[in-house]
Amino acid sequence: QKTDTTTVTIFAAASLKNALDGAAAAYEKSTGNKAVISYAASSALAKQIEQGAPADIFVSADLDWMDYVQKAKLIKDDTRSNLLGNRLVLIAPQSSTVSLKIGKDFRLAEALGNNHLAMANVKSVPAGKYGSAALEKLGVWSAVEPKVAQADNVRAALALVALGEAPLGIVYETDATAEPKVKIVDIFPEDTHPPIIYPVAVVGATKNGDAAKAFIDYLKSPEAQAFFTKQGFTIAK
Amino acid sequence: MKEKQSLLSVRALQRRPDFTLDVDFESNSALTALFGPSGSGKTSILNLIAGVQRPARGRIVVAGNVLTDTEAGIFIPMHRRRVGVVFQDAQLFPHLTVQQNIKFGQWFTRTHDQGLPLEVIVEVLGIGSLMKRRPATLSGGERHRVALARALLSSPRILLMDEPLAALDDARRSEIMSLIERIRDELAVPIVYVTHNVEEVRRLALRVVRINAGRVVSTGTAAEVLGS
Amino acid sequence: MKEKQSLLSVRALQRRPDFTLDVDFESNSALTALFGPSGSGKTSILNLIAGVQRPARGRIVVAGNVLTDTEAGIFIPMHRRRVGVVFQDAQLFPHLTVQQNIKFGQWFTRTHDQGLPLEVIVEVLGIGSLMKRRPATLSGGERHRVALARALLSSPRILLMDEPLAALDDARRSEIMSLIERIRDELAVPIVYVTHNVEEVRRLALRVVRINAGRVVSTGTAAEVLGS
Amino acid sequence: MFGFSPDAWMAIELSLRVATVGTLVGLPVALLAAYALARWRFPGKIILDGFLHLPLVLPPVVTGYFLLLAFGKQGVLGKGIYDLFGITFSFRWTGAALACGVMGFPLMLRAIRLSFEAIDRRLETAAGTLGANPYWTFLLVTLPLALPGVLVGAILCFAKALGEFGATITFVSNIPGETQTIPSAIYTFTQVPGGESEALRLSCVSIVIAMVALILSEVLNRRIQRRIAVFE
Amino acid sequence: MFGFSPDAWMAIELSLRVATVGTLVGLPVALLAAYALARWRFPGKIILDGFLHLPLVLPPVVTGYFLLLAFGKQGVLGKGIYDLFGITFSFRWTGAALACGVMGFPLMLRAIRLSFEAIDRRLETAAGTLGANPYWTFLLVTLPLALPGVLVGAILCFAKALGEFGATITFVSNIPGETQTIPSAIYTFTQVPGGESEALRLSCVSIVIAMVALILSEVLNRRIQRRIAVFE
Ligand SMILES: Nc1ncnc2c1ncn2[C@@H]1O[C@H](COP(=O)(O)OP(=O)(O)OP(=O)(O)O)[C@@H](O)[C@H]1O
Ligand SMILES: Nc1ncnc2c1ncn2[C@@H]1O[C@H](COP(=O)(O)OP(=O)(O)OP(=O)(O)O)[C@@H](O)[C@H]1O
Ligand code: MOO
Ligand SMILES: [Mg+2]
Ligand SMILES: [Mg+2]
């Protein structure tokens, strides 16, 4: 262990906060190093890295923005790996009596009636993209599309269901299990959408390459992974 | 609330940091002049009559109507007093034309019991050519003449004029004094006229209330108060 | 730019929608009165001398200094003319006390060549007790007296007074006229004095310029212009 | 035309509508509140004042969340207004207008209040002595004299409404043709790799609209200024 | 104290600093721009006017992105300012102050300009005849008379700066202790399960700060109003 402390700066997707804060605190305790984490939308973080942000590590909420920084040669290719996974679920308010089984041509549109399906933005937010891909694959997208209310992010979509604005919504399992005002109607089978993956990599311009690598290694240790699984994330293979 | 008594009766106490107004006077004349040096309290008295301000203690009655009575808790709001005030510094509405300014009061009077027609007033005051102009483009004297027209045309039950002729030349002043004499003699509208001009007092005032340092020094006819 | 000629020489043409000012006069007297009816152009002339406005055509010379000359392209900005203006409607600074108002001009004069000391001016104008007050609390006449003090104390090279006494009573007016006479006779500051009061003209003016409808009607001594 | 997609056109049309409605509906409320804050004394005045500044102080998403709580389907106010006027806000363009109006409100309020406070009250007194009751005085004297401030307030609110994003998307989400305003559309583009150029094109539309509104307001303002100039 | 985490305390301290610096540094610029727009005629005036309103019209993330491009390490302005003054903005609290100042700027500008335009210019003339050159006239007459508007402008800018989120997080990200302001911290809390109560508590801090600022400004304003009241 070094005597002088090194500070590792992590740019991470905002949805990772709970899990990553816990892991980082444990890391600080065990190494004496400092971990500073800046949480924002993956898109903003990617563009900031492009503009020379002082990040050592980038954790994206999807593959697209990691691909973006990789194409721009902003990360160390060999340090890129998949950190976490998540599952996509269909939710309803706790008081709801709706029962739906997700499957080919399932009757989502009818269940909605004149109401809206809360999702994260289907063009830009990972959870929204996965959700629309899944509904497409299940053959119900064209019927459901006009009824989709696209929120700014998954949390906002969750709030719409929790407050009873929308009778149904599509969010991550991690969000759904933690919100007592909603219940999970069904889980989307993994083969209905691209794999939900949170990739991680060391930023090319880092001055702390070694410490950054060490932090990523720590995140993959069983000790750190306990924090992730506790929040409902799956560990990416 | 009608009382049979004098046309105008003012009793008022008002305290200011450096100045105390404490007056009590009556008048039965059609035109009462308030005469006194600068800073003696003339404008303050007009403000109390107009209801612009409320005295600490006092009672103001005009033609039998109690406008203010602090003991009885009476204070008629100014817009219901029907006073025509010619302010010392004109106070024209800058966003309205001269014409709109002088017609302003008419919009709020149901009865058009105004004696003198607009044409006569405009003629005597010599403001006919200014009708379309805005106050910002008027000369000092023109502004005061418009203010006078505005007050006269609001069908007032009492006219309060604060040095209305101070900004005017002798010829114009004389013509307007004739107009005021006509109003005084032909219409049943009592006038309270603030001035420090002896000539105006002699010519117009049927009764003079002489003010000094916030108190009434003497009252009487012009000859009595000014000496002859 | 010094020229040997009259103390004050004004030639100016200014067009307004309803009014044309076209004047040409000279004066070598210490006090020149501009005399004329309301709306004749007196204030406009003062504004041109003060540099508040620029004439369409004209030339204004004070004590040999060319202040405005449209042909030569000369226009001295007003803050370098050192004119002391008593505005017709006072124009006191509302955010400053009376004291700060009357000392305002002193902050910008390096040479304190002012003849009359502050104490004398304050005494004669009777504003000693108002020093800490703000303009909003002054009576009409008090406001004009403060404006007069402010102009007198700015060490002007020329004094422009626009009906400075119109709002004042006879006693005060007479005292202030004495003060103006002292300034006229003891100090080398020419005065242009706007009034429509015959008495003031007779007592103060060494030369009278009579204005009507934007033109000079006659010039001469008070007796010549007014008749005796 | 100009190569915008139908969705983008809808967003432009919607933003115009939302900003206009939000501003116009907010205006009378702002006038009343500004007058009350400028002229009256009442208990809790400072609390009201603070409350009306909240949309400025809170992050827009928080404001949006509160709007959702209050004006959503289950919200107290949302239900009440539906029962009274038959207007629903949730997932409707009316909700977007509400969000934009709320976010722009403090700006409008402050500008108008500033103008009310700058008015020479002796003119209101003059109107009173001429027989105008307080309402007429307000209408014929106070309001016309405060017009420059009202105009500035309206233009600030309109501009803010054109740019408002956080509260809108949180409250009524992002439904093309119904609640997807220009900023929501722009935001979506900025969140996808390579979407910058489209985001930029839409930003330009906002700028053009705002410029037109601004020029109009300047022209109007110059007229008003000329009218009420105390001196020229 | 109050059970806030160290990160939250840092965010509060930072927000205060950022809002104060952003407002105070922006103030002289706003005064100059407001004076120029209120009094001078120059070519391109309307363009400048429009440009200064942009932060209001554009979605905050777009403004933030422009700031990132212009004032980032590789940005033209960012480089220039570093060379001249040695100040870096990128991912520093100075950048957060810049973002907040820029977002609040139009509000400050407009309020001040409104006050300048409402001033009776005859008073400036009177100052001129008393020997005050235009600079002194501005300092001794125009500015004191416009003080209520300056105050309103400053408080609007300060409040906006307290609530600004989109531009800040886009420009300088969300680094605890350096660029994580209260709104960024709130945002982070809203993005995870169970963060609402913490988000709400932080919102309350913002509200309290804004209320204190508001009360101070009202007290000051009342004094000023009393001073320059034309009538009482
Ligand atoms: N708001 C105020 N606060 C304090 N003092 C005031 C206020 N208003 C007026 N005064 C003082 O009250 C006195 C009377 O004022 P008022 O305006 O009634 O005088 P006036 O007789 O009309 O004088 P003038 O002929 O000069 O107009 C003056 O000394 C004035 O300074
Ligand atoms: N801005 C303006 N636009 C149009 N006309 C104006 C403007 N200013 C003044 N006038 C007109 O010019 C004429 C002269 O005005 P000025 O103020 O010089 O008169 P004055 O001699 O000072 O009168 P008074 O004794 O009433 O103050 C008046 O008829 C006035 O209406
Ligand atoms: O504060 Mo914003 O970030 O205007 O929507
Ligand atoms: Mg008076
Ligand atoms: Mg004049």
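Labels below follow one simple rule: chain letters A, B, ... track the order of the sequence lines, proteins then strands, and each chain is numbered from 1.
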Visitor: Assess, by modelled atom type and distance only, whether the side chains of E163(C) and T195(C) contain a donor and an acceptor separated by less than 3.5 Å.
Guide: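 No donor-acceptor contact under 3.5 Å links the two side chains.
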
Visitor: So which heavy atom on G84(C) is nearest to which on P156(C), and how close?
Guide: N-CB, 3.3 Å

Visitor: Give, as side chain, backbone, both or neither, the part of S129(C) having an atom under 4.5 angstrom from any heavy atom of chain B.
Guide: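 The backbone, not the side chain.
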
Visitor: Based on non-hydrogen pairs under 4.5 Å, which of K42(C), H144(C), R16(C), Q88(C) is most in contact with chain B?
Guide: Q88(C)

Visitor: Using a 6.0 Å distance limit plus a 45 degree cone around the ring axis, check whether R143(C) lies over the aromatic ring of F87(C).
Guide: no

Visitor: What part of D170(C) gets closer than 4.5 Å to chain B, counting heavy atoms only: side chain, backbone, both or neither?
Guide: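 For D170(C), the contact with chain B is made by backbone and side chain together.
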
Visitor: What closest approach, in Å, do D18(C) and R133(B) show between heavy atoms, and which atom pair accounts for it?
Guide: OD2-NH1, 3.0 Å

Visitor: Given a strict heavy-atom distance threshold of 4.5 Å, which part of S38(C) is in contact with chain B: side chain, backbone, both, or neither?
Guide: both

